[in-house]
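A note on names: the letters A, B, ... follow the listed sequences, proteins ahead of strands, and every chain is numbered from 1.
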Number of protein chains: 2
Amino acid sequence: MTITDVARAAGVSVATVSKVVNGRYGVASSTAERVLEVVAQLGYETSLVASSLRRSRTNVIGILLAGFDPFATEILKGISAEAVGKGYELLAYSGAISDDNAVGWERRSLSRLGGTLIDGAIILTPTVSVPTSSVPVIAVDPHTGSGGPSTIDCDNIEGARAATRHLIELGHTRIAHVRGRTDLESALLREQGYRDALEAAGIAYDPGLVRDGGYRAAWAIDAARELLTLPDRPTAVFAANDLSAFGVMEVAHELGLRIPQDLSIVGFDDIPEAGSATPRLTTIAQPLQEMGARAVTMLIALLEGREVEAHVQLPSRLVVRRSTAPPPEPNAP
Amino acid sequence: MTITDVARAAGVSVATVSKVVNGRYGVASSTAERVLEVVAQLGYETSLVASSLRRSRTNVIGILLAGFDPFATEILKGISAEAVGKGYELLAYSGAISDDNAVGWERRSLSRLGGTLIDGAIILTPTVSVPTSSVPVIAVDPHTGSGGPSTIDCDNIEGARAATRHLIELGHTRIAHVRGRTDLESALLREQGYRDALEAAGIAYDPGLVRDGGYRAAWAIDAARELLTLPDRPTAVFAANDLSAFGVMEVAHELGLRIPQDLSIVGFDDIPEAGSATPRLTTIAQPLQEMGARAVTMLIALLEGREVEAHVQLPSRLVVRRSTAPPPEPNAP
DNA sequence: CTGAAAGCGCTAACAC
DNA sequence: GTGTTAGCGCTTTCAG
């Protein structure tokens, strides 16, 4: 089903079909009518690939991501809701991820799609600072905050402080931290917030209570196993994201520790799964859908030649559920 | 950044660059080395668009959907997890949806991407039976069960029976149903299951207790408003999906009805949001991620020329949470 | 108003 | 081993 088939069936040239399909002027209405009829009958639809190779605009917004995890899909929901009715198509692309290309996928994806297929891109959690590209770009939860494209994130440092403070206020003093992906700024900021809150409460920072979780449940499980089998094990864990928190919960369960009686856990993100975990996870909520919506608004502004802020930060918020409680042995005065 | 730039910089022809980049034989290793160096330096990446126009295979799996809603994203998670390491890239595409193209988007998307950009497609909840297409297709939660591509769904009818039976066993007799999208087979089957269970319990089917919800919260809200302001209002509602159930919950709240004391609600799907609703929603769980995973397995089989089942049905399962309880005034014996 | 022709970036025959 | 050439399906001048 190509434009040539249509042209042949309608008895006109491909050029004419192209004009009709794209609503260009300079075609007799009788001809246009006949062509449209054939188009409808044959079910012809212009090929995105071929037209994007020739055209400068495609009205397609690309969303570049490393995989469809709960964090990414939550942002996608916001993007999708905001984009509806705006005349853009959405194309979420996840390149083939393997170990040797785990870093730098966003640059690869961008050059693979950019320039022709998509008019602009929203990149979710880029691992490296995104290079100046041929198309406008918005980065969500970016690598570094300066120099690159406009970025959107939430108040990571204050969120982490609030999480840690919550545990301190419950009476915890041995608070572990399962760190995020150290190549992301958000992970660094969350660790910083954790240390800030500790310091503000006069609790000494203990590097032995911090482990890498890489924002992934699998890694967090290893981290948690080390942490929770420590001679003087922590009574609370602040995990850098909800997925890590789930990993910690799993290990706690395995070890026979009750949550929250024996171990308190706080996550970060507030993905929908957090609310339905057992017990329901106390966490720091990021307005993920709103972040996605803002990304769309900003990208469309860019596409229309308007200026946008270099950086948008949305507030984070502590959501107390059932995974946190005072420590088993209250610190006697 | 095109292949021509690389060729010029390396002092060779574009054909040679193409051969090197694609690992074809017939290039001196010294030349290959030099080209690779330039490629790395310039950060060149072959354009998906251009190569797909020329090539027959792209190693890209397309996922065609109407929008990134919780149902679709849950399946995407399963697809993504299953596809990792299999050498395929994922491209989730949502065309610009508007009112006049709400039906038939899958055919349009398929012809827009098919043939060149993607090797095969997974279509989520197609509104019409998918035509024979140029590429292999798997449909999830399809329109009709026969004639078209291979399909995947869950046991909708038994799920709906279980949902209704659960309400009946709690003592409800006035059970309303908020119907799904009537263009989808799953919606029809769920209504059938509802009627089956009613009949099995000797409860007369009352058409006045059934309303269209279109699988959408917004529509379900209208439906619920009618249902819950009925003179002899139902004491329980079976909503065709979780999103509709949320709509019903919202109206109940608005009307001052307590859930589950005054009104019991059962949903369908068990999206992550169901577990974190207040109260937590009793629902029929579909193995959404597994359905996505199976879709990938089957599509890859098709791409490799193997045969696959025409239809895969996975079990559904009642998950009792806090939104269901016996009716306010027990039916006195 | 219509069609012929060029060319988007790339790959695959085929010459050299 | 390497380069030249012909298209993939489409849009866009530019003649007719």
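For Glu82(A), the salt bridge (charged side-chain N to carboxylate O under 4.0 Å, His left out) partners are Lys86(A), not counting sequence neighbours. By the salt bridge (charged side-chain N to carboxylate O under 4.0 Å, His left out) test, Arg216(A) is found to be paired with no residue, residues two or more places apart in sequence or in another chain being considered. For Asp141(A), the salt bridge (charged side-chain N to carboxylate O under 4.0 Å, His left out) test picks out no residue, with sequence neighbours left out. Partners of Glu290(A) under the salt bridge (charged side-chain N to carboxylate O under 4.0 Å, His left out) rule, at least two apart in sequence or in another chain, do not exist in this structure.
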What protein N or O atoms touch nucleotides 5-9 of chain C N or O atoms at under 3.5 angstrom, if any, and at what distances?
from: dG7(C); atom 1: N2; to: Arg54(A); atom 2: NE; distance (Å): 2.0
from: dG7(C); atom 1: N3; to: Arg54(A); atom 2: NE; distance (Å): 2.8
from: dG9(C); atom 1: N2; to: Ala50(B); atom 2: O; distance (Å): 3.3

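Contact annotation: Thr31(A) reaches the phosphate of dT2(C) (side-chain N/O to OP1 or OP2, under 4.0 Å). Remark: Arg24(A) is in phosphate contact with dT12(D), judged by side-chain N or O atoms under 4.0 Å from OP1 or OP2.
For residues 302-313 of chain B, the salt bridge (Lys or Arg N to Asp or Glu O under 4.0 Å) pairs, not counting sequence neighbours, are Arg294(B)-Glu309(B), Glu304(B)-Arg306(B). The side chain to side chain donor-acceptor pair (under 3.5 Å) pairs that include a residue from residues 6-34 of chain B are Asp5(B)-Arg8(B), Ser13(B)-Thr16(B), Ser18(B)-Asn22(B), Asn22(B)-Arg55(B), where partners are two or more places apart or lie in different chains.
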Would you be so kind as to tabulate the donor-acceptor pairs closer than 3.5 Å made by side chains of residues 39-50 of chain B, with sequence neighbours excluded?
from: Ser47(B); atom 1: OG; to: Val49(B); atom 2: N; distance (Å): 3.3
from: Ser47(B); atom 1: OG; to: Ala50(B); atom 2: N; distance (Å): 3.2

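Toward the 5' end of DNA chain D, the nearer of the two residues Lys19(A) and Arg55(B), judged by each one's closest nucleotide, is Arg55(B).
Here the P atom of nucleotide dC1(C) and the CZ atom of Arg34(A) are 14 Å apart, to the nearest Å. Distance Asn59(A) CG to dC10(D) P: 18 Å, rounded to the nearest Å. Rounded to whole Å, atom P of dG1(D) lies 12 Å from atom OH of Tyr25(B).
Of the inter-residue distances, the one linking Leu64(A) atom CG with Ile122(A) atom CD1 reads 10.0 Å to the nearest 0.5 angstrom.
Using five terminal pairs a side, the axes of the helix from dC1(C)-dG16(D) to dC16(C)-dG1(D) at its two ends make an angle of 50°, given in steps of 10 degrees.
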